[in-house]
A.B. asks: 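Have a look at the structure that comes next, please.
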Amino acid sequence: MFRGFYTVATGMLAQQRKTEMLTNNMSNVNTPGFKADQASMRAFPEMLLSSLGGSKVPTQNGLSSTRMTPVGGLNTGVYMQEAVPLFTQGDLRETGLSTDLAILQGDLPINEETGIPGALFFTLENEDGADRYTRNGNFALDADGFLTTPGGHYVLDENGARIELENDRFEVTDGGQIVQNGVNIGRIGVAYSDDPRVLVKEGDELYRAPEGTVFENAYNVADAGFSMNQGSLERSNVDSARTMTDLMTSYRSFEANQKVLQAYDRSMEKAVNEVGRLN
């Protein structure tokens with residue numbers, strides 16, 4: 001078997017998955033609060049090949065053993081380890097709707113272990129009563145007057161309670177306070193994660209935290225600068241020009257690996273039909 005056959009095949013699979021990831025990024029370029037995924041590529045461990053038919057060497061007990069002759073290393077290929085969201089701030093787009101909210105991140109504390117800043121999220125409650133997180137502030141009032149997402153998840157205040165309003169005539173201050181008819185209803189719940197890479201995407205712009213992980217109330221985090229913007233939505237942080245360039249690069253890499261694989265296929269066909277033919 002040719003040594004590079006499987007290496008080329010894994011390269012094709014890795015580029016195919018990267019292309020799918022980049023395509024998903026492009027399809028969500030206009031999705032509010034969407035965070036672009038980044039591919040993390042890794043190589044499989046390299047193996048050392050040795051020849052089975054080595055030379056005989058004597059041992060202390062008079063017997064002989066076979067010395068393995070090194071042939072060389074074999075790289076067993078590459079794979080896409082994971083797709084990690086990029087939690088940078090997206091631009092804000094004004095909508096004028098009172099139920100549309102956007103978090104404008106300022107300076108956030110840097111995680112000493114990872115070297116990256118934390119991230120902020122709206123806190124939600126799903127149909128099972130579990131906490132979920134999002135940056136998509138495209139909210140609305142349901143039939144019972146609760147502030148919800150388009151998917152029906154309840155928006156929570158900083159105390160973890162559902163937000164109930166009389167109508168859509170309310171105000172949200174820069175500090176997240178909800179005021180209706182001159183009465184302070186509470187504050188929009190904002191969660192802070194010092195390592196947002198642990199979050200898991202669930203679709204519909206929702207994230208969940210690993211079991212046992214509890215995020216802090218962002219209002220209580222020292223040096224966490226942010227403000228709430230009512231009547232605006234955060235745009236996707238996908239860079240369409242760069243994504244298209246990366247998409248073409250990934251496609252060309254897939255195509256190059258494909259041509260090498262075809263060359264291997266022709267070589268094997270020739271070995272079977274010509275070299276291995278008995279006269």
A.B. asks: When rounded to the nearest 0.5 angstrom, what distance separates CD in Gln230 from CG in Leu101?
C.D. replies: 6.0 Å
A.B. asks: Measure the spacing between OG of Ser193 and CZ of Phe87 and express it to the nearest 0.5 Å.
C.D. replies: 7.5 Å
A.B. asks: Are any non-hydrogen side-chain atoms of Ile116 and Arg197 less than 4.5 angstrom apart?
C.D. replies: yes
A.B. asks: Indicate yes or no: does Arg162 engage Glu125 in a salt bridge with an N to O separation below 4.0 Å.
C.D. replies: yes
A.B. asks: So that I can tick it off, tell me whether Glu234 and Lys35 are bridged by a salt bridge, with the cut-off set at under 4.0 angstrom between side-chain N and carboxylate O.
C.D. replies: yes
A.B. asks: Within the supplied structure, the quantity of interest is the number of heavy atoms (other residues, nucleotides, ligands) at a distance under 6.0 Å from Asn184 CG; does it exceed 12?
C.D. replies: yes
A.B. asks: To check you understand the geometry: which heavy-atom pair defines the closest contact between Arg187 and Ile178, and what is its length?
C.D. replies: C-CD1, 4.4 Å
A.B. asks: I want to check something: taking the side chain as every heavy atom from C-beta on, are Tyr133 and Arg208 in contact at a cut-off of under 4.5 Å?
C.D. replies: no
A.B. asks: Are Leu165 and Leu141 close enough that some pair of their side-chain heavy atoms sits under 4.5 Å apart?
C.D. replies: yes
A.B. asks: Does Thr10 use its side chain to pair, donor to acceptor, with the backbone of Val78 at less than 3.5 Å?
C.D. replies: yes
A.B. asks: Do Phe139 and Leu206 share a hydrophobic cluster (ILVMFWY, side-chain heavy atoms under 4.5 Å, transitive)?
C.D. replies: yes
A.B. asks: Please examine the side chains of Met228 and Thr173, heavy atoms only from C-beta on, and report whether any two atoms are closer than 4.5 Å.
C.D. replies: no
A.B. asks: Would you confirm whether Asn159, through its side chain, and Ala161, through its main-chain N or O, come within 3.5 Å as a donor-acceptor pair?
C.D. replies: no
A.B. asks: Please tell me whether Ser250 and Gln15 have a donor and an acceptor in their side chains that are separated by less than 3.5 angstrom.
C.D. replies: yes
A.B. asks: Give a yes or no on whether Glu171 atom CD has more than 12 heavy-atom contacts from other residues, nucleotides or ligands under 6.0 Å away.
C.D. replies: no
A.B. asks: Using 0.5 Å steps for rounding, measure from the CG atom of Asp91 to the OG atom of Ser232.
C.D. replies: 11.5 Å
A.B. asks: Would Asp246 and Lys18 pass as an ion pair if we require N to O under 4.0 Å?
C.D. replies: no
A.B. asks: Please find the pair of heavy atoms, one from Phe170 and one from Val172, that lie closest to each other, and give the distance.
C.D. replies: CE1-CG2, 3.7 Å
A.B. asks: Does one hydrophobic cluster hold both Tyr264 and Met12, with members joined at side-chain heavy-atom distances below 4.5 Å?
C.D. replies: yes
A.B. asks: Sequence neighbours left out, what pairs pass side chain to side chain donor-acceptor pair (under 3.5 Å) with at least one residue falling in residues 104-114?
C.D. replies: Gln105-Arg135
A.B. asks: So, taking the atom named CG in Asn30 and the one named CZ in Arg93, what distance separates them when rounded to the nearest 0.5 Å?
C.D. replies: 8.5 Å
A.B. asks: Considering non-hydrogen atoms only, spot the tightest contact between Pro109 and Val221 and give its length.
C.D. replies: CG-CG1, 4.3 Å
A.B. asks: Kindly check if the number of other-residue, nucleotide or ligand heavy atoms within 6.0 Å of CD (Glu94) is above 12?
C.D. replies: no
A.B. asks: In this structure, are over 12 heavy atoms from other groups packed under 6.0 Å from Tyr251 atom OH?
C.D. replies: no
A.B. asks: Applying side chain to side chain donor-acceptor pair (under 3.5 Å), which residue pairs with at least one partner in residues 210-222 are found, sequence neighbours left out?
C.D. replies: Glu158-Asn217
A.B. asks: Just checking, is any N or O donor in the side chain of Thr95 or Asp100 under 3.5 Å from an acceptor N or O on the other one?
C.D. replies: yes
A.B. asks: Taking all heavy atoms of Asn181 and all of Glu166, pick out the closest pair and write down the distance.
C.D. replies: ND2-OE1, 3.1 Å
A.B. asks: Between Gln89 and Asn237, which heavy-atom pair has the shortest distance, and what is it?
C.D. replies: O-CB, 4.4 Å
A.B. asks: Check Pro196 against Pro117 and note the closest heavy-atom contact, atom names and distance.
C.D. replies: CD-O, 4.0 Å
A.B. asks: Strictly below 4.0 Å, N to O, side chains only: are Arg17 and Glu20 in salt-bridge contact?
C.D. replies: no
A.B. asks: With a 4.5 Å cut-off on side-chain heavy atoms, are Leu22 and Thr19 touching?
C.D. replies: no
A.B. asks: Answer yes if Ile163 and Phe122 sit in the same cluster of Ile, Leu, Val, Met, Phe, Trp and Tyr residues linked by side chain heavy atoms under 4.5 Å apart, and no otherwise.
C.D. replies: yes
A.B. asks: May I ask whether Ile103 and Leu92 are part of the same hydrophobic cluster, defined by side-chain heavy atoms of I, L, V, M, F, W, Y residues being less than 4.5 angstrom apart, directly or through others?
C.D. replies: no
A.B. asks: Return yes if some donor-acceptor pair links the side-chain N/O of Asp128 with the main-chain N/O of Ala130 below 3.5 Å, else return no.
C.D. replies: no
A.B. asks: Nearest 0.5 Å please: distance from the CG atom of Leu156 over to the CG atom of Asp131.
C.D. replies: 6.5 Å
A.B. asks: Passes ring-ring contact (aromatic ring centres under 6.0 Å, His included), Tyr154 versus Phe146? Steps please.
C.D. replies: CA-CA 7 Å; Tyr154 293 100; Phe146 290 103; 5.6 Å; yes
A.B. asks: Let me see the working for Phe34 and Val238 under side-chain contact (heavy atoms from CB on, under 4.5 Å), right down to the final yes or no.
C.D. replies: CA-CA 8 Å; Phe34 180 81; Val238 175; 3.7 Å; yes
A.B. asks: For a salt bridge (charged side-chain N to carboxylate O under 4.0 Å, His left out) check, start with the C-alpha distance between Asp37 and Lys201, then their side-chain angles and the critical distance, and finish with the verdict.
C.D. replies: CA-CA 10 Å; Asp37 286 323; Lys201 277 190 174 184; 3.2 Å; yes
A.B. asks: Rounded to the nearest 0.5 Å, what separation is found between the CE atom of Met26 and the CE atom of Met21?
C.D. replies: 12.5 Å
A.B. asks: Checking the side chain of Ser236 only, and the main-chain atoms of Pro32 only, is there a donor and an acceptor separated by less than 3.5 Å?
C.D. replies: no
A.B. asks: Can you check side-chain hydrogen bond (donor to acceptor under 3.5 Å, both in side chains) on Thr31 and Asn28, steps first, answer last?
C.D. replies: CA-CA 5 Å; Thr31 302; Asn28 285 282; 3.0 Å; yes
A.B. asks: Centroid separation under 6.0 Å, is that true for the rings of Phe121 and Phe215?
C.D. replies: no
A.B. asks: Is Val190 reachable from Leu124 through a run of hydrophobic residues whose side-chain heavy atoms are each under 4.5 Å from the next?
C.D. replies: yes
A.B. asks: I'd like to know whether CG of Asp195 has more than 12 heavy-atom contacts from other residues, nucleotides or ligands below 6.0 angstrom.
C.D. replies: yes
A.B. asks: Are the side chains of Leu108 and Leu120 in touch, meaning some heavy atoms are under 4.5 Å apart?
C.D. replies: yes
A.B. asks: Ignoring hydrogens and angles, state whether a donor on the side chain of Asp168 or Ser98 is under 3.5 Å from an acceptor on the partner side chain.
C.D. replies: no
A.B. asks: Less than 4.5 Å apart, any side-chain heavy atom of Thr23 and any of Leu247?
C.D. replies: yes
